[in-house]
Number of protein chains: 2
Amino acid sequence: MRKGIETRERILEIAEAAVLAKGFGATSIDELIAEAGITKSGFFYHFKDKNELARGLLARYSARNNLLLAGVFGRANELTEDPLQRLLIGLNLFAEHMAAIPEGHPGCLVATMSYQDRLFNREIRELVTETVKGWNGFFRGMIEDILAIYTPREAIDPDRLARTICCSIDGGIIMSKALGQPGVLPEQMLMARNYVKMLFHPVTVHAVQIEEVEAA
Amino acid sequence: MRKGIETRERILEIAEAAVLAKGFGATSIDELIAEAGITKSGFFYHFKDKNELARGLLARYSARNNLLLAGVFGRANELTEDPLQRLLIGLNLFAEHMAAIPEGHPGCLVATMSYQDRLFNREIRELVTETVKGWNGFFRGMIEDILAIYTPREAIDPDRLARTICCSIDGGIIMSKALGQPGVLPEQMLMARNYVKMLFHPVTVHAVQIEEVEAA
DNA sequence: CCGAAAACCGTACTGGAGGTACTGTAAACC
DNA sequence: GGTTTACAGTACCTCCAGTACGGTTTTCGG
């Protein structure tokens with residue numbers, strides 16, 4: 001029945017915002033059901049315990065994130081055949097997407113769950129690890145495509161560079177939150193982009209020129 | 001009286017580990033006093049409420065961190081007069097220091113508190129912001145010293161680059177935690193180092209050669 | 001050594017939260 | 001129209017944050 005998954009989705013939506021603002025342990029079920037307009041019975045109908053809620057949150061977040069990644073870099077793939085340009089354009093689009101969020105990025109669920117790993121069972125923790133590995137693998141794949149054609153200024157490990165991109169995002173989110181400046185996240189994503197660019201562009205080319213090439 | 005601050009320090013030590021493992025909201029006072037071997041009265045003698053505990057944790061963490069920064073980059077300053085080399089050597093020492101922690105970095109208190117900011121009052125949140133600003137300012141100062149002598153490949157904002165270094169650290173900590181690989185943090189710190197190096201070294205120089213120059 | 005402050009201990013309470021357990025029931029679907 | 005879905009209602013238990021307040025030991029300054 002459709003009403004069921006609708007309520008479930010509403011709970012997850014409310015829970016995600018609460019978890020990102022206060023942490024998982026400090027998020028009470030009572031608070032969630034109050035905002036969702038249901039009773040405790042309703043909550044436990046959808047999630048047998050809090051760990052199941054965490055699993056649902058993570059699955060939802062991961063799916064949404066993968067969709068965003070696929071959208072952004074899929075779009076980049078439409079615009080160019082060059083694997084290097086694909087990554088550079090994708091990171092630009094990604095950064096623009098983050099800059100467009102009015103209140104700034106609400107936070108990375110994987111990051112906050114990594115900082116509260118003792119609250120979860122092994123299954124959830126492994127899910128967190130697999131999620132991050134998935135992101136790294138996504139970027140690593142693109143970097144390997146680049147390395148098949150381009151020779152970098154210095155020898156690089158694609159895994160390492162993929163992690164650098166992920167670090168700039170999660171680190172950027174934290175800095176944005178800590179400083180209260182939403183602009184830091186897109187800014188740092190562009191720094192990671194610039195890192196990639198410097199590694200593969202033998203000659204220094206200004207960003208304006210790059211943009212013209214990308215637009216072509 | 002000395003015994004007082006000793007107990008207080010023990011509480012903070014235990015609380016820090018707990019907060020970094022489970023989050024602030026999920027850390028119970030009962031658990032802290034059990035491990036510290038005191039009663040609830042003793043706890044509330046030192047901290048009138050949980051917010052005061054947070055303040056103590058943050059102050060302690062910040063002071064310890066500043067000491068580490070001063071030590072590492074002070075040492076780098078002894079080894080060279082060149083501001084660029086100072087930053088590069090300092091980041092190397094910093095990364096080595098992080099790699100030397102057996103279980104890996106336990107976590108950044110500022111990061112976890114940023115992800116639970118609704119649990120704290122405005123004073124604590126401003127303290128978090130000021131702490132991060134302090135780190136950024138520390139790195140920005142060194143970058144400005146470099147810019148006074150060196151011309152980078154591309155125009156850079158020292159503030160932005162300083163944030164990149166901070167992002168690589170906090171992002172690296174998260175990746176290390178999420179992946180269960182302590183080595184990711186020092187690895188990513190060296191990636192940030194390499195970023196700085198590429199920005200200021202017009203000619204590509206291999207890391208081995210750089211190390212020889214630094215050792216001289 | 002003594003008085004006073006510091007550094008706790010003991011106990012008792014309130015309110016809220018996680019979670020369990022069951023019964024009941026309106027609505028949807030087949 | 002019967003079964004399943006999707007909840008509501010009620011009651012209960014345990015654990016935790018926080019308050020209150022009186023009592024006790026330890027430490028240090030004089």
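Any value given below was found using the heavy atoms of this structure, including those in side chains, with hydrogens, waters and symmetry copies removed.
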> Salt-bridged, B:E126 to B:K133, with N to O below 4.0 Å?
Replying inline: no
>> Less than 4.0 angstrom from a charged side-chain N to a carboxylate O is my criterion; do A:E78 and A:R75 meet it?
In response: yes
Nearest whole angstrom, please: distance from the [atom2] of [N] to the [atom1] of [X].
{"X": "B:F43", "N": "D:dC16", "atom1": "CZ", "atom2": "C1'", "result": "12 Å"}
{"X": "B:K48", "N": "D:dA20", "atom1": "NZ", "atom2": "P", "result": "12 Å"}
{"X": "B:F44", "N": "D:dC16", "atom1": "CZ", "atom2": "P", "result": "13 Å"}
{"X": "A:F47", "N": "C:dG18", "atom1": "CZ", "atom2": "P", "result": "14 Å"}
{"X": "B:I38", "N": "D:dT26", "atom1": "CD1", "atom2": "P", "result": "16 Å"}
{"X": "B:Y45", "N": "D:dA20", "atom1": "OH", "atom2": "C1'", "result": "17 Å"}
{"X": "B:K22", "N": "D:dA17", "atom1": "NZ", "atom2": "P", "result": "9 Å"}
{"X": "A:E31", "N": "C:dG15", "atom1": "CD", "atom2": "P", "result": "21 Å"}

> With a 4.0 Å cut-off on heavy atoms, is A:G25 in touch with a base, just the backbone sugar-phosphate, or nothing at all?
Replying inline: nothing
>> What's A:K40 touching, base or sugar-phosphate or nothing? Going by heavy atoms closer than 4.0 Å.
In response: base
Considering only side-chain heavy atoms of [X], which listed nucleotide, [options], is closest?
{"X": "B:I29", "options": "D:dT19, D:dA17, C:dT20", "value": "D:dA17"}
{"X": "B:D30", "options": "D:dC16, C:dA17, C:dG19", "value": "D:dC16"}
{"X": "A:T39", "options": "D:dG18, D:dA8, C:dG18", "value": "D:dA8"}

>> Would you say B:H46 places a side-chain N or O within less than 4.0 Å of OP1 or OP2 belonging to C:dA7?
In response: no
> Has A:T7 got a side-chain N or O lying under 4.0 Å from the OP1 or OP2 atom of D:dC7?
Replying inline: yes
> Taking the six-membered ring for Trp, are A:F94 and A:F73 parallel (under 30°), tilted (30 to 60°) or perpendicular (over 60°)?
Replying inline: perpendicular
>> Nearest 0.5 angstrom please: A:N136 CG to B:L179 CG, how far?
In response: 6.0 Å
> Looking at A:Y115 versus A:F24, is the centre-to-centre ring distance below 6.0 Å?
Replying inline: no
> Between the base of C:dG10 and the side chain of B:S41, is there any donor-acceptor pair under 3.5 Å?
Replying inline: yes
